[in-house]
Participant: 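Sharing a structure, written as structure tokens. Questions coming.
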Amino acid sequence: MEKISLDYSYALNYIEEHEIKEMGDILDNIHRELHKKISLQGEFLAWMDFPEKYNREEFNRIQEVAKKIQQDSDILIVIGVGGSYLGARGAIKMLNHSFYNLLDNEKRKTPQIYFAGHNMSPKYLNDLLEIIDGKDISLNMVSKSGNTTEPAIIFRILKNYMEEKYGKKIASERIYVTTDKEKGILKKIATKEGYETFTIPDDIGGRYSVLTAVGLLPMAVSGIDIQEIMRGAGAAQKDLENSNFKHNHAYQYAAIRNILYNKGRTIEILANYEPSMYYFGQWWKQLFGESEGKENKGIFPTIANFPTDLHSMGQYIQEGTKNIFETILHVQHMNEGVIIKKDKDNLDELNYLDGFSIKEINEKMFKASVLAHNNGGIPNLIINIPEISAYYYGYLVYFFQKACAMSACILGVNPFNQPGVEAYKQNMFALLGKKGY
């Protein structure tokens with residue numbers, strides 16, 4: 001099969017050949033440490049070989065539970081924040097119908113999927129409760145510890161809702177928990193209530209957990225082929241074990257973005273031309289933002305959806321401050337879609353597009369913006385994705401996980417912790433009157 005690849009030819013005017021070579025030598029040393037699992041005392045590195053060594057028994061159980069939820073539920077609510085929901089949401093949005101939840105049941109054939117616990121909006125929660133009224137519901141609560149405030153609060157509310165609706169026993173058969181294998185508040189609750197549980201491995205951090213039950217259960221419920229997800233991730237693991245910089249596109253991406261950062265390009269825009277990739281971009285933003293933004297260092301990750309944002313941010317990208325670079329997710333093979341037809345009167349003056357497909361027009365917009373932005377002083381990196389499929393979703397997830405770990409190590413920060421996140425939590429606990437704060 002074709003591989004995901006990086007084209008950095010539109011960044012070569014901004015970097016020197018010797019910089020690439022020097023970065024290649026640095027990457028070689030980091031690669032050896034990571035693969036010996038001695039870097040950072042070996043913490044949170046199990047994601048590296050997870051596509052090869054994942055628990056097949058639990059994987060099969062995920063598929064069985066997904067079928068049960070498909071049969072007995074109109075709606076699945078996934079409760080989580082950050083890495084506990086973004087990967088699954090990105091996959092469901094990318095790989096299913098653009099209007100998945102709005103499809104008739106006959107066409108969709110799988111439950112509607114909604115997400116909660118990622119905000120504290122009373123409006124959002126009230127609207128969600130209105131949507132699920134009268135429907136058969138299952139919950140999937142996702143949290144390593146169970147004490148993250150936002151999802152914990154929403155879980156309490158929805159758990160009570162389920163128990164009032166079904167009674168405690170039936171509700172317990174519709175609540176599924178993805179958490180630590182042995183410890184934590186959520187594990188304690190799940191054991192007491194008899195919920196079916198899935199494991200977040202000890203040595204895989206939240207934002208690297210999308211290929212575990214964290215992401216796979218919601219994906220499977222939506223009808224995504226999770227075997228293909230893991231097959232793609234496995235192919236990426238094998239391809240990206242190569243320490244040779246010339247043949248490892250994830251390492252090239254990590255290196256080039258750091259070279260650009262050292263030249264004052266402190267903001268990276270991840271752009272796409274497919275609306276279905278919006279939430280994948282959100283997952284990428286958390287992965288890199290939480291992994292690299294430490295010790296007063298780090299590239300600021302943000303996302304753009306083209307051509308939509310060409311009409312809002314395009315002006316700034318073209319002529320604003322030159323502290324940014326773009327990484328484009330370019331899907332190479334898509335259905336042609338609607339063909340533009342000649343109009344007799346041509347009042348809209350679009351007859352010059354006679355015979356063009358929407359795909360072709362989208363492709364021309366992609367090429368035109370890359371040229372314009374590059375000529376305007378913006379380096380562009382292009383990640384070529386053969387097609388949108390479960391296989392390439394799995395490949396792309398692993399690609400970015402490997403690139404992110406490498407990039408953060410180049411930067412000199414720990415890719416797997418998030419000390420800054422704790423600061424707001426401590427302030428919040430104090431303001432809410434939690435004892436000990």
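Atom set for the values below is all heavy atoms of this structure, side chains included, hydrogens, waters and symmetry mates excluded. Residue indices begin at 1 and follow the sequence shown.
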Participant: Can you say whether the rings of Phe416 and Trp47 are parallel (under 30°), tilted (30 to 60°) or perpendicular (over 60°)?
Facilitator: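 Judged by the thresholds at 30° and 60°, the geometry between Phe416 and Trp47 is tilted.
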
Participant: Find out whether Ile383 and Phe399 are in side-chain contact, i.e. whether some heavy atom of one side chain is under 4.5 Å from a heavy atom of the other.
Facilitator: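 Yes, at least one pair of side-chain atoms sits under 4.5 Å.
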
Participant: Say whether, by atom type as modelled, one donor and one acceptor occur between the side chain of Glu274 and the main chain of Val331 under 3.5 angstrom.
Facilitator: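 Answer holds: no.
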
Participant: Can the ring centres of Phe59 and Tyr54 be said to be less than 6.0 Å apart?
Facilitator: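 That pair passes the under 6.0 Å test.
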
Participant: What heavy-atom pair brings Pro275 and Lys93 nearest, and what distance separates the two atoms?
Facilitator: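 Taking Pro275 first and Lys93 second, the nearest heavy atoms are O-CE, 4.1 Å.
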
Participant: Any chance you could measure Ile339, atom CD1, to Leu353, atom CG, to the nearest 0.5 Å?
Facilitator: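 Ile339 CD1 to Leu353 CG: 11.5 Å, rounded to 0.5 Å.
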
Participant: What heavy-atom pair brings Ala405 and Pro415 nearest, and what distance separates the two atoms?
Facilitator: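 Shortest heavy-atom separation between Ala405 and Pro415 comes out as O-CG, 3.7 Å.
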
Participant: Do Gln286 and Gln282 have side-chain N/O donor and acceptor atoms under 3.5 Å apart?
Facilitator: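 Checked: Gln286/Gln282 side chains show no N/O donor-acceptor pair below 3.5 Å.
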
Participant: Determine whether Gln112 and Leu103 make a side-chain contact, defined as any pair of heavy atoms from C-beta on separated by less than 4.5 Å.
Facilitator: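 The answer is no, as the side chains (C-beta and beyond) never meet within the 4.5 Å cut-off.
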
Participant: Are any side-chain N or O atoms of Asn262 and backbone N or O atoms of Asn258, one a donor and one an acceptor, separated by less than 3.5 Å?
Facilitator: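 Yes, the answer is positive, given that a donor and an acceptor are paired below the 3.5 Å cut-off.
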
Participant: Supply the atom-to-atom distance Met277 CE to Trp283 CH2, rounded to the nearest 0.5 angstrom.
Facilitator: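 Here the rounded value is 11.0 Å.
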
Participant: Quick one: list whatever passes side-chain hydrogen bond (donor to acceptor under 3.5 Å, both in side chains) with Tyr14, sequence neighbours left out.
Facilitator: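 Partners of Tyr14 by the side-chain hydrogen bond (donor to acceptor under 3.5 Å, both in side chains) criterion come out as none, since no residue qualifies.
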
Participant: To the closest 0.5 Å, what do you measure between CG (Leu310) and CD (Gln318)?
Facilitator: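 One finds 10.0 Å between CG of Leu310 and CD of Gln318.
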
Participant: Closest approach of His31 and Ser243, non-hydrogen atoms and distance?
Facilitator: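 Smallest heavy-atom distance, with atoms named: CD2-CB, 3.3 Å.
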
Participant: Of all heavy-atom pairs between Ala255 and Leu27, which one has the smallest distance, and what is that distance?
Facilitator: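 That closest heavy-atom pairing would be CB-CD1, 3.6 Å.
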
Participant: Using a 3.5 Å distance criterion without hydrogens, assess whether the side chain of Lys322 forms a donor-acceptor pair with backbone atoms of Gly377.
Facilitator: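 No: the side chain of Lys322 does not pair with the backbone of Gly377.
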
Participant: Below 4.5 Å, heavy atoms only, C-beta onward: do Lys21 and Glu17 meet side chain to side chain?
Facilitator: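 Not touching, per the 4.5 Å side-chain cut-off.
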
Participant: When the ring planes of Phe306 and His373 are compared, do they come out parallel, tilted or perpendicular, using 30° and 60° as the limits?
Facilitator: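 The arrangement is perpendicular - the two ring planes meet at more than 60°.
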
Participant: At what distance, to the nearest 0.5 angstrom, does OG of Ser5 lie from NE2 of His330?
Facilitator: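 One gets 10.0 Å once the value is rounded to the nearest 0.5 Å.
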
Participant: Anything under 30° is parallel, anything over 60° is perpendicular, the rest tilted; go ahead and classify Tyr273 against Phe366.
Facilitator: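 Tyr273 and Phe366: perpendicular rings.
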
Participant: Treating Asn305 as the side-chain partner and Thr308 as the backbone partner, does any N or O pair qualify as donor plus acceptor under 3.5 Å?
Facilitator: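 Checking the backbone N and O of Thr308 against the side chain of Asn305, no donor-acceptor pair under 3.5 Å is found.
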
Participant: Salt bridge check: are Lys183 and Asp180 linked by an N-O gap of less than 4.0 Å?
Facilitator: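 Between Asp180 and Lys183 there is a salt bridge, with a charged N closer than 4.0 Å to a carboxylate O.
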
Participant: How many angstroms lie between CG in Asp25 and CD in Glu22, if you round to the nearest 0.5 Å?
Facilitator: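 Those atoms lie 8.0 Å apart.
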
Participant: Any donor-acceptor pair under 3.5 Å linking the side chain of Asn101 with the backbone of Ile113?
Facilitator: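 Looks like yes, one N/O pair under 3.5 Å.
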
Participant: Hey, does Tyr8 have a side-chain heavy atom less than 4.5 Å from the side chain of Leu260?
Facilitator: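 Not touching, per the 4.5 Å side-chain cut-off.
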
Participant: Of all residues at least two apart in sequence or in a different chain, which pass the salt bridge (Lys or Arg N to Asp or Glu O under 4.0 Å) check with Lys159?
Facilitator: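 Partners of Lys159 under the salt bridge (Lys or Arg N to Asp or Glu O under 4.0 Å) test: Glu163, Glu193.
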
Participant: Using modelled atom types only, decide if a donor and an acceptor are shared between the side chain of Asn380 and the backbone of Glu326 within a distance under 3.5 Å.
Facilitator: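 Side chain of Asn380 to backbone of Glu326: no pair is present.
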
Participant: Looking only at atom types and distance, does a side-chain atom of Tyr398 sit under 3.5 Å from a main-chain N or O of Met48, one as donor and one as acceptor?
Facilitator: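 It does hold such a pair.
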
Participant: Would you please indicate yes or no on a ring centroid separation below 6.0 angstrom for His118 and Tyr124?
Facilitator: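 They qualify: ring centres under 6.0 Å apart.
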
Participant: Atom CD in Gln401, atom CZ in Phe288: separation rounded to 0.5 Å?
Facilitator: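 Interatomic distance, Gln401 CD to Phe288 CZ, rounded to 0.5 Å: 10.0 Å.
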
Participant: Does a donor on one side chain sit under 3.5 Å from an acceptor on the other, for Thr327 and Glu268?
Facilitator: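 Yes, because at least one side-chain N or O of Thr327 sits under 3.5 Å from a partner of the opposite role on Glu268.
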
Participant: Where do Val413 and Lys294 come nearest, in terms of heavy atoms and distance?
Facilitator: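 Heavy atoms only, the tightest pair is CG1-O, 3.9 Å.
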
Participant: Would you confirm whether Asn126, through its side chain, and Pro122, through its main-chain N or O, come within 3.5 Å as a donor-acceptor pair?
Facilitator: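 A pair under 3.5 Å: yes.
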
Participant: Taking the side chain as every heavy atom from C-beta outward, state whether Ile229 and Leu95 have any pair of such atoms under 4.5 Å apart.
Facilitator: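 They are in contact (side-chain heavy atoms under 4.5 Å apart), so the answer is yes.
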
Participant: Does the Asp74 side chain pair with the main chain of Lys135, one donor and one acceptor, at a distance under 3.5 Å?
Facilitator: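 The answer is no, because no donor-acceptor pair under 3.5 Å joins these two groups.
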
Participant: Report yes if some heavy atom in the side chain of Ile92 is under 4.5 Å from a heavy atom in the side chain of Tyr279; otherwise report no.
Facilitator: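 Ile92 does not reach Tyr279 side chain to side chain.
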
Participant: Determine whether Ser407 and Tyr261 make a side-chain contact, defined as any pair of heavy atoms from C-beta on separated by less than 4.5 Å.
Facilitator: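 The answer is no, as the side chains (C-beta and beyond) never meet within the 4.5 Å cut-off.
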
Participant: Counting C-beta onward and ignoring hydrogens, is there a side-chain heavy-atom pair between Ile224 and Leu216 closer than 4.5 Å?
Facilitator: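 Ile224 vs Leu216: side chains apart.
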
Participant: What residues form a salt bridge (Lys or Arg N to Asp or Glu O under 4.0 Å) with Lys263, not counting sequence neighbours?
Facilitator: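 Counting only residues at least two positions away or on another chain, Lys263 forms a salt bridge (Lys or Arg N to Asp or Glu O under 4.0 Å) with Glu19.
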
Participant: Check for me whether Arg265 meets the cation-pi criterion with Phe325, that is, NZ or CZ under 6.0 Å from the six-membered ring centre and within 45 degrees of the ring axis.
Facilitator: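 No, cation not above the ring by the 6.0 Å, 45° rule.
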
Participant: For Gln332 and Asn384, indicate whether the former's side chain and the latter's backbone hold a donor-acceptor pair under 3.5 Å.
Facilitator: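 Not confirmed, Gln332 side chain does not pair with Asn384 backbone.
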
Participant: With Thr179 as reference, evaluate Thr199, Leu186, Val214, Ile189 under the side-chain contact (heavy atoms from CB on, under 4.5 Å) test and give the passing residue.
Facilitator: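 That would be Leu186; it is the only one of Thr199, Leu186, Val214, Ile189 passing the side-chain contact (heavy atoms from CB on, under 4.5 Å) with Thr179.
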
Participant: Salt bridge check: are Lys181 and Glu58 linked by an N-O gap of less than 4.0 Å?
Facilitator: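 Here Lys181 does not pair with Glu58 in a salt bridge, since their nearest N and O are not under 4.0 Å apart.
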
Participant: Can you classify the ring geometry of Tyr393 versus Phe280 as parallel (below 30°), tilted (30 to 60°) or perpendicular (above 60°)?
Facilitator: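 Geometry flag for Phe280 against Tyr393: perpendicular rings.
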
